[in-house]
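The chains referred to below are lettered A, B, ... by the order of the sequence lines, with proteins before strands, and numbering in each begins at 1. Just so we're clear, the structure is a prediction, and the values are computed from it rather than from any experiment.
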Amino acid sequence: MMFDRIFEKDVAITGVGQSAVGRPVARSGMRLTLDACLEAIADAGLTRADIDGVACWPGDNNNGDAFSPVGPNALIGTLGLQVNWYGGGYEGPGPLAGIINGAMAIASGLCRHVLVFRTITEASRRKVDKNASALTNKTIGRDSSFFWQWYTPFNVLSAINLMALYTQRHFHEYGTTPEQLAQIALTCRTNAALNPKAIYRTPLSLDDYFASRMISTPLRMLDCDVHCDASTAIILSRADVAGDGPNPPIRLEAIGAALHQPWSWDQIDLTATAARDVGEMMWARTDLKPKDVGSAQLYDGFSILTMIWLEALGLCPRGESGRFVEGGHRIARDGQLPINTNGGQLSGGRTHGLGYVHEACSQLWGRAGERQIAPHHVSVVAAGGGPLGGSVLLVRD
Amino acid sequence: MTRKLPLLTEDNSPFWQGGAQGRLLIHHCADCTRFFHPPAPICPHCGSFEVAPRAVSGEGKVLSYTINHQAWRPDLTEPYVVAIVELAEQAGLRFVTNIVGLPAEAVHIDMPVRVRFEQHEDVWLPLFEKDA
Ligand SMILES: [Zn+2]
């Protein structure tokens, strides 16, 4: 892979914001969104008038779905923004697509300051409909989805069944063990204990893990992230004006996107998944190397995905993630590669993508409070599972 | 066990209805002589439109599997096995299905399997059982 222009080097993060995170939060999706966005705008030293672009993944699905109840259209009107560009939509390289698209809008000259946000109200929704996110609810009657029709007839009604297939294959090919997998949940819980916004903060033991209910072998309840209500916002600014604000700019050193395998859960590489393509693209766009990474915020919608991201991004050799995380010392807050320092989605809450960016910036800026890790300059964020995936390498000079 | 059935189209109906004649029909390209799945009007390998469904042996092996324990619907109280089966005809030719006809705990990776159709309305689901 060769690239002769790295557009993201024109872009930096200048502010972040986040609403209350709860299970549930007694605020509307729009109110959560406003809380996050206004905090991010102020954090960047900007006003509403400075925001000339808005990006969101997946945006409004036109159905009030709690997976994404607020999109750019609603926010722009509600906040009275005057933008030169906006965009949303599910089809893109996963939960970081808003960051990638917003950065492209800046690099193309359309915008100077893009507001990227992600709102989710699955905790409120599940109070009234426990199966709100089941795949059977995505279509009424027969499954007409180009993709999901290959799974729902076989009663694959949750993504966990597909993740379990990847996990079982990883166990088979590489000798990965349930104890090693459990470490992701344990590490996230240890970190969450120091995050006042995390959903679950009480200590978790390996016995607790093995006592948790089996959902789809070998994945248990504690391998699944925890639904919440939350909104997260990130301000992207053009590099030449990024230094005008109060925060040291955090540069987008390189982005990666899953682009080279079919958009399918079973036609892709079953143990590397599309994450493999993300890592290859990202490292082809920078002179930095995996050894330069000081912290990693890696998608843990299901624990196995964090293991897959460790390998896909070259943070450990392929097939070695089990041995890498074993015992937890390497990935602890004081280890060689701290991961998911706010408790991830497994214990912190399923903010779904931008929560990882928020945490990476908080750590790079030294504002992570009690959970602050040692000073470092490079952090990697990656999000998505199966065919969905994207990453961004962040640098604070 | 009830099923959410696929909406039939010109492209997918051979796969979902081949079981009516006891045949597992997989799209095949006459130009590059390779199978592909899911079915489509064009070969993803070589771009040819010379594609048509072709009966395969129905034999394969388990690439991966999971025993589902969660009742996503009230009727799904019994554990069931979701698997990815690779067909004997071509490496990488595979799809998600269920393994039936044996205790869930007996399923393992690389287990040889054979197709067994289960009819629901106008759809014949290609499920797999252990190949004796
Ligand atoms: Zn062909």
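The number of heavy atoms from other shown groups lying within 6.0 Å of CZ (B:Arg54) does not exceed 12.
Both the backbone and the side chain of B:Leu63 come within contact range of chain A, each with at least one heavy atom under 4.5 Å from a heavy atom of that chain. If you measure heavy-atom distances from A:Ile160 to chain B, the contacts under 4.5 Å come from the side chain alone. Proximity to chain A (any heavy atom under 4.5 Å) is shown, for B:Thr9, by neither the backbone nor the side chain. For B:Val123, the part lying under 4.5 angstrom from a heavy atom of chain A is the side chain only. For B:His37, the parts lying under 4.5 angstrom from a heavy atom of chain A are both the backbone and the side chain. B:Ala83 touches chain A through its backbone: at least one of N, CA, C or O sits under 4.5 Å from a heavy atom, while the side chain does not. Contact annotation for B:Asp11: neither backbone nor side-chain heavy atoms come within less than 4.5 Å of a heavy atom of chain A.
With B:Asn98 contributing its side chain and A:Phe154 its backbone, the two residues share a donor-acceptor pair below 3.5 Å. A donor-acceptor contact shorter than 3.5 Å is absent between the side chain of A:Arg142 and the backbone of B:Leu8. Between the side chain of A:Thr217 and the backbone N or O of B:Ile67, at least one donor-acceptor pair lies under 3.5 Å. Under a 3.5 Å cut-off, the side chain of B:Lys4 and the backbone N or O of A:Gly141 do form a donor-acceptor pair.
Residue pairs meeting the ring-ring contact (aromatic ring centres under 6.0 Å, His included) criterion with at least one partner in residues 48-73 of chain B, sequence neighbours excluded, are absent.
Taking the side chain as every heavy atom from C-beta outward, A:Phe146 and B:Pro38 never approach each other to under 4.5 Å. Under the 4.5 Å side-chain criterion, counting only non-hydrogen atoms from C-beta, B:Leu7 is not in contact with A:Gln149. The shortest distance between side-chain heavy atoms of B:Leu76 and A:Asn155 falls below 4.5 Å.
Comparing A:Leu157, A:Thr152, A:Leu165 by heavy-atom pairs within less than 4.5 Å of chain B, the highest count is held by A:Leu165. Of the listed residues (B:Val81, B:Leu127, B:Asn12, B:Asp110), the greatest number of heavy-atom pairs within a distance under 4.5 Å of chain A belongs to B:Asn12. For the set B:Leu125, B:Leu93, B:Asp122, B:Thr2, the count of heavy-atom pairs under 4.5 angstrom toward chain A peaks at B:Asp122.
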Side chain to side chain donor-acceptor pair (under 3.5 Å) evaluation trace for B:Arg94 with A:Gln267: CA-CA 7 Å; B:Arg94 64 198 187 197; A:Gln267 304 300 314; 4.8 Å; no
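Here the OG1-CD distance, from B:Thr66 to A:Gln168, works out to 6.5 Å after rounding to the nearest 0.5 Å. In this structure, OG on B:Ser64 lies 9.0 Å from CD on A:Glu173, to the nearest 0.5 angstrom.
Considering every non-hydrogen atom in both B:Val96 and A:Leu162, the closest pair reads CG2-CD2, 4.4 Å.
For B:Phe15 and A:Trp150, the gap between ring centers is short of 6.0 Å.
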